[in-house]
Amino acid sequence: MGTKTNMLVQDVCTRWNNTYQMLSRLLEQRWLETAALSDPAVTQKGKHYLDLKPEQWNLIGELSQVLEPFEAATVFLSGQHYVTLSALPQLVHKLKNNIQTPDFETAPVRSFQAHATEQITARWQGLTEFTPESPNTTLLAAVLDPRFRKLEFLPSDQVFKVQSTVQTMALAVAAKKQPKQLTASENGTSSTVHDSPEAHAKRVTSFLDILGSDSSSSDEEEEEQQLNQAVQREISMFFGEHPLSKKENPLSWWMMNAARYPTLAKLAKTVLCIPATSTPSERLFSSAGNIASKRRARLSSEHVDMLTFLHCNHMLL
């Protein structure tokens, strides 16, 4: 019949993705299943009731169409070799829109659409909430991702709060990177060997008297002002650019533009590396369980760590 030779998929109650995969495989093999069930040489006449009715096939088709975006989102967020956390708000926003868009015929699918929308709203109600006192790490990752820097899924007032918080964090990072002022001995202007400590202190006092008592504070204020202006220019340039294409890799973009945005690049490293789900760690636990088996019970903890590390990073060797 020109159909792919694939086995049917069994449903697993702990993995909802298997439900979608089971339904998709049923649709793929529909006419082969119907032919096998209607063939007396394969199926007894008393078991022809196993075949699904047309309305049931229609229900499976529509339900599979509704579940497809969920399956795609789950597979994407389970990755570990690319950025996932920053895409979560946009993904949830698009997921809600995709569920409500199609108009289906069957009442159970329409009921599922309404229930899924309610569940997404309830489960992710705090995803787009942001307060400067307790910043939302997910939104910070999204705003530092060049693909989602505009935060189009948020109202304008919320976008302003996120950008202001990023600016405050950038100022704090830039202040830590400022080098300390060199002492006289470090910058090469120390007194000569023949100078006594009293003579050196007298010259310093005379120098400060000429400049005035507020010279040091004014210099610090000027440096702080220059630092603030540099960070503000960096922030305005970053948010003024057009968003990166969704197909591009934000990590590659930051690698090429780290010199243009040195402060924001350091911030991006701290949040874009956070995974959106616990799937990567679950994979790691499974790998470690296969390594430290009953037949290899004498492995030391150091060797288990080394073997697990090599197993997870062998593609980079």
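All heavy atoms count here, side chains included; hydrogens, waters and symmetry mates do not. Since the model is a prediction, treat every value here as computed from it, not as a measurement.
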Original post:
Would you say the side-chain atoms of Gln113 pair up with the backbone N or O of Ile99, donor to acceptor, closer than 3.5 Å?
Top reply: yes
Original post:
Does the side chain of Arg260 pick up a donor-acceptor pair with the side chain of Asn257 at under 3.5 Å?
Top reply: yes
Original post:
Asp51 versus Thr34: any side-chain heavy-atom pair under 4.5 Å?
Top reply: yes
**OP:** Drop me the distance from Phe70's CZ to Trp16's CH2, to the nearest 0.5 angstrom.
**Re:** 7.0 Å
**OP:** Report the residues that fulfil side chain to side chain donor-acceptor pair (under 3.5 Å) with Arg296, sequence neighbours left out, ordered by chain and then residue number.
**Re:** none
Subject >> Spacing of Asn249 atom CG and Met256 atom CE [to the nearest 0.5 Å] >> reply: 9.0 Å
Original post:
Between atom CG of Asn136 and atom OG1 of Thr165, what is the distance when rounded to the nearest 0.5 Å?
Top reply: 10.5 Å
Original post:
Ion pair present between Glu33 and Arg30, side-chain N to carboxylate O less than 4.0 angstrom?
Top reply: no
**OP:** Kindly check if the number of other-residue, nucleotide or ligand heavy atoms within 6.0 Å of CH2 (Trp57) is above 12?
**Re:** yes
**OP:** Could you tell me whether the side chain of Thr277 and the main chain of Leu77 form a donor-acceptor pair under 3.5 Å?
**Re:** yes
**OP:** Quickly, which of Leu140, Val83, Leu244 forms a side chain to side chain contact (heavy atoms under 4.5 Å, CB included) with Asp145? Name it, please.
**Re:** Val83
**OP:** State, without any angle test, whether Ser134 and Thr131 hold a side-chain donor-acceptor pair at a distance under 3.5 Å.
**Re:** yes
**OP:** Examine the side chains of Glu28 and Asn6 and answer whether a donor and an acceptor come within less than 3.5 Å of each other.
**Re:** yes
Original post:
Counting heavy atoms not belonging to Tyr82, are there more than 12 under 6.0 Å from its OH?
Top reply: yes
**OP:** Kindly compute the distance separating CH2 (Trp31) from CE (Met1), expressed to the nearest 0.5 Å.
**Re:** 9.0 Å
Subject >> Nearest heavy-atom neighbours spanning Ala122 and Gln125 >> reply: O-CG, 3.6 Å
Original post:
Is there a donor-acceptor pair under 3.5 Å between the side chain of Arg110 and the backbone N or O of Glu105?
Top reply: yes
**OP:** Verify, without hydrogens or angle tests, whether Thr168 (side chain) and Ser164 (backbone) share a donor-acceptor contact under 3.5 angstrom.
**Re:** yes
**OP:** Verify whether the ring centers belonging to Phe238 and Trp254 lie closer than 6.0 Å.
**Re:** yes
**OP:** Measure the spacing between CD of Glu71 and CD of Gln21 and express it to the nearest 0.5 Å.
**Re:** 5.5 Å
Original post:
Under 3.5 Å, side chain of Thr121 to main-chain N/O of Thr117, donor-acceptor pair present?
Top reply: yes
Subject >> Tyr261: which of Glu234, Lys266, Glu241 passes side chain to side chain donor-acceptor pair (under 3.5 Å) >> reply: Glu241
**OP:** Indicate if Leu272 and Val166 have the same hydrophobic cluster label, given that clusters are the connected sets of ILVMFWY residues with side-chain heavy-atom separations under 4.5 angstrom.
**Re:** yes
**OP:** Taking all heavy atoms of Asn228 and all of Leu171, pick out the closest pair and write down the distance.
**Re:** OD1-CD2, 3.2 Å
Subject >> Co-membership, hydrophobic cluster, residues Phe104 and Phe112, 4.5 Å side-chain >> reply: yes
Subject >> More than 12 heavy atoms of other groups within 6.0 Å of Gln10 CD >> reply: no
Subject >> Evaluation steps, side chain to side chain contact (heavy atoms under 4.5 Å, CB included), between Val92 and Leu88 >> reply: CA-CA 6 Å; Val92 172; Leu88 182 58; 4.0 Å; yes
Original post:
Has Met237 got more than 12 heavy atoms of other residues, nucleotides or ligands less than 6.0 Å from its CE?
Top reply: yes
Original post:
Say you draw a straight line from CD of Gln232 to CD of Gln225; how long is it, rounded to the nearest 0.5 Å?
Top reply: 9.5 Å
Subject >> Joint cluster assignment, Leu251 & Phe76, ILVMFWY side-chain distance < 4.5 Å >> reply: no
Subject >> Neighbour count above 12 (heavy atom, 6.0 Å) for Lys246 NZ >> reply: yes
